Structures are given as C-alpha cells and as structure tokens.
2 protein chains.
Amino acid sequence: MRPNKRDEIVRKALEVFYHNGFHATGMDLLVKETGISKTSMYRHFRTKEDIILATLRLRDENFRNWLYRRIEAMADTPKEQLLAVFDALEEWFAKPEFRGCMFIKASAEFQESDHPIHAQSAEHKRLLGDHFLKIARFVIARDPEELTRQLMILKEGAIIMAVMGHSDNPARDAKSAAETLIAAHSG
Amino acid sequence: MRPNKRDEIVRKALEVFYHNGFHATGMDLLVKETGISKTSMYRHFRTKEDIILATLRLRDENFRNWLYRRIEAMADTPKEQLLAVFDALEEWFAKPEFRGCMFIKASAEFQESDHPIHAQSAEHKRLLGDHFLKIARFVIARDPEELTRQLMILKEGAIIMAVMGHSDNPARDAKSAAETLIAAHSG
DNA sequence: TGGAGTGTGTACTGATCGGTAACGTTTGTG
DNA sequence: CACAAACGTTACCGATCAGTACACACTCCA
C-alpha cells in the first residue's frame, strides 16, 4: 500500500491553517509550506473549503482523543476528571505551538451559522459538551446539564483569556471556579 | 464645519467588518457597502489596516460605554453591577445584529501577538478587566483580582457559547455561575 | 474671483486569489 | 516487463486583492 497522500495533505495543512489562519493562507502558501504539489491537493480535494473541513475533522478527532485520555490518566473519580480538564488546558496553553482554539477561529472567519465550516466547529463543541455531561451525571444528581454548560463556558473563556488576556494562568483561574461551581451544585 | 467624512467611514466600515470579517471584506466590497468612494477612504487612511484599527477604536469606545452605562442603570450596588454584566450580555446576544465579539474575531484573524490589531484587541479586554476590578474591590476584600479574572472568563466563555454553542441562554448560565463565585469569594 | 481642499467615478496597476491544463516522471501491481 | 494511477513541475486562467492616477465637481474662504 502506498502511503496515504490524502492523510498527509490533511495533517500538514492542519498545521498551516492553525498557525496562519484560513483566509490568510492561500493555496500557493499551502503548497510551499507543505511541500505537496497543488495538482496533488486538487486530485484529493475539490476545493480549498474541502481541505479546511478535512483539517477540522482531524483536529476534532485529535483534540478530543487527547483531552479525553489526558483527563482519564490524570484523575480517577468523575469529579476529579471534570477538574482535570483544566489541568489539561494548562498543559495545552503552555505548548509552544498553542494558538488558541482552531474551531473558535474557524467560526470567527466563517460566521454564517449554516456555513459548513461554522457548523462543523459548533459540532466539535457539542461533542465535547456531550462527553462532559456524561461525566457530570456521575458527579451531581440535580441539573448536571447546567453544570456542564457552565464548565463549557469556563473552558472557552479560559481559552480566550489565554490568547488575549493578561492573566498569568487562566486555566488555574478557571479550575478554581470549576471547583466552586461543582461544590455548589453538590451541596 | 463640514460633516466629518472620516468618522462616517469608520462608522460604516465598522458594520461591514463586524458582519463580514476582516480578510473576507475587500476594499471594493467596503466601497459598495458604505457608499463611500475609494478615493475618499485613502485620503483619510493610509491602508486598510489603518481603517480596521480605527473601527476597533470606535468599537471599544462604543461597547465599553454601552456596557458601563447599562450595568449602572440596571444595578445600584457594586455586587449587583457585577451580576448585571451578564444581564447586559443577554440583551446583547438577543440583538439581531449580534455576531460575537469583534475583538475575539480580530485577534483570531490577526494572530501574531505583536500585530497592532491583535494588540488593540487585547487592550480592549484589559480595559474591561480594569473596570470590573474597580467594582470588585468594593464587593470583596480578599483577592478581587482572582474574582475579576474569573468573571472575565465567564464573560468571554458566554460570548463563545452564544456564537457556537447549543445552549439556549449562555448569559444566564454565566450569571448564575458568577453569583456562586461571588458568594464563595465573600464567605 | 480664484485657489485649496474635499468629494465622486472610473480606470488602472502589479500581485495574489482559487483552480485547471498539459506533460513528464515515479511507483505499485498485473 | 508493461500499464495505469499517482505524483511533481510549470504555466496558465479569470477574478479579486490592496492601492493609485486622473479628470471632474463642489464648497469654503481669502
């Protein structure tokens, strides 16, 4: 079997789009940065938009897998796992390649809510929320949905503050807030 | 005095950039949407980037003035004012022209942290945080800085969830979280 | 009255946009 | 070995990008 060129395109394009932005990355730059010919790209994908969608699918898979496994590795109980989300965020923010959430940026560049790219970004957040909710059901009995929505708000807010804010450690702030909220919901 | 054309450009360009995005808005579209000639724009501004920066300055002024006055009108005590931020957010999210936070979008499209547009967006968040901190000092004595950072996280997170999320009312979720946090910090 | 300053409209620049055509080369497989 | 699919290279397409040049109209003020 030949090494899968399509996957290679998606893998490399992901890095370029994440680092450079979507509109700001032209196909010529994509060719230069990935070292893959334009002919090859358009043999596997109809349009630039299709490439973007494929990178977002890969990013969704990579990020959710990483986060889920990370919080499982760091914590034993469901409650500790919910809090470990913010420890994982802290690790993410510290990575040198950290450039914010790719889906927030995608939905910022493609704003119409019925646009495929926007819809797919929203889907990523929905899947994350579903996973958190499953865990939250083990932690509290009354209104785990509200707690989950609030934890999502903390997570997204921490990401924004990590990109734009002046706070040293938004993940730690968010985690201590999460501790308070979980305690309040449990009481 | 002639009516100030420069201000008119900034006012109208603000709407177009906010609705359409920065990279996605070309100068020709800007001319069409604003009804102002390209010659006139380049007489008042050297580059498109200068126009963007001017729109962000106006947006910062408009938004902060609106928010500050709104929470003053809605609440008497400092604690109620901090919570009224989220009532104001709810009003904002409900506006038909709501398209998320212009500064989050700007910093998503211009990612380099030393880019003037990115820096100006971060400055907006800093000014907001400073204002919240002044109020928070009246509410709690111990670590108002941390509470402020957490409220900022809630605010930014609520905006993201309003744009991408599936929750009905992220502002309400954020507000109830803020109530819990303030109570915890006060106790 | 007559510039100076400000505005519009149109046409233009070179560069870049997303995407394609043609052609030769490599590579896995029958 | 032979063939076909996959790949790279190069050149190209029309459209659009940010920005400029030029001719002309209006208004203010000396």
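Chain naming here is simple, since letters A, B, ... match the order of the sequence lines and numbering starts at 1 in each. Bear in mind the structure is a predicted one, so any value in this text is a computation, not a measurement.
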note: B:Phe22, atom CZ; D:dA18, atom C1'; distance rounded to Å ~ 17 Å
Go through the structure and list residues passing side-chain contact (heavy atoms from CB on, under 4.5 Å) with B:Asn62, not counting sequence neighbours. B:Leu14, B:Leu58
Under 4.0 Å, heavy atom to any atom of DNA chain C: which of residues 32-39 of chain A qualify? A:Lys38, A:Thr39
Flag the pair B:Arg57 / B:Gln120 as yes when at least one side-chain heavy-atom distance between them is below 4.5 Å, and no otherwise. yes
Taking every non-hydrogen atom, the tightest pair across A:Ile104 and A:Ser107: O-OG, 3.0 Å
Between B:Met27 (CE) and C:dT8 (C1'), how many Å, whole number? 15 Å
Quick check against the 3.5 Å criterion: does B:Tyr18 have a side-chain atom that pairs as donor or acceptor with the backbone of B:Gly100? yes
Less than 4.0 angstrom from a charged side-chain N to a carboxylate O is my criterion; do A:Lys175 and A:Glu90 meet it? no
Salt-bridged, B:Arg11 to B:Asp7, with N to O below 4.0 Å? no
Identify every side-chain donor-acceptor pair in residues 128-139 of chain A under 3.5 Å, counting partners at least two apart or on other chains, and give the distances.
{"from": "A:Asp130", "atom 1": "OD2", "to": "A:Arg126", "atom 2": "NH1", "distance (Å)": "2.9"}
{"from": "A:Arg137", "atom 1": "NH1", "to": "A:Glu145", "atom 2": "OE2", "distance (Å)": "3.4"}

Using side-chain heavy atoms (C-beta onward) and a distance below 4.5 Å, is A:Glu112 in contact with B:Arg99? yes
Close residues, residues 41-59 of chain B, relative to DNA chain D [heavy-atom separation under 4.0 Å]: B:Tyr42, B:Thr47, B:Lys48
Report yes if some heavy atom in the side chain of A:Leu181 is under 4.5 Å from a heavy atom in the side chain of A:Leu154; otherwise report no. yes
What's touching nucleotides 14-16 of chain D from the protein side, N or O pairs under 3.5 Å?
none

For residues 24-37 of chain B, dump all side-chain donor-acceptor pairs below 3.5 Å to protein atoms at least two apart in sequence or in another chain.
{"from": "B:Thr25", "atom 1": "OG1", "to": "B:Gly21", "atom 2": "O", "distance (Å)": "2.6"}
{"from": "B:Asp28", "atom 1": "OD1", "to": "B:Lys38", "atom 2": "NZ", "distance (Å)": "2.8"}
{"from": "B:Thr34", "atom 1": "OG1", "to": "B:Leu30", "atom 2": "O", "distance (Å)": "2.7"}
{"from": "B:Thr34", "atom 1": "OG1", "to": "B:Ile36", "atom 2": "N", "distance (Å)": "3.2"}
{"from": "B:Ser37", "atom 1": "OG", "to": "B:Ser40", "atom 2": "N", "distance (Å)": "3.2"}

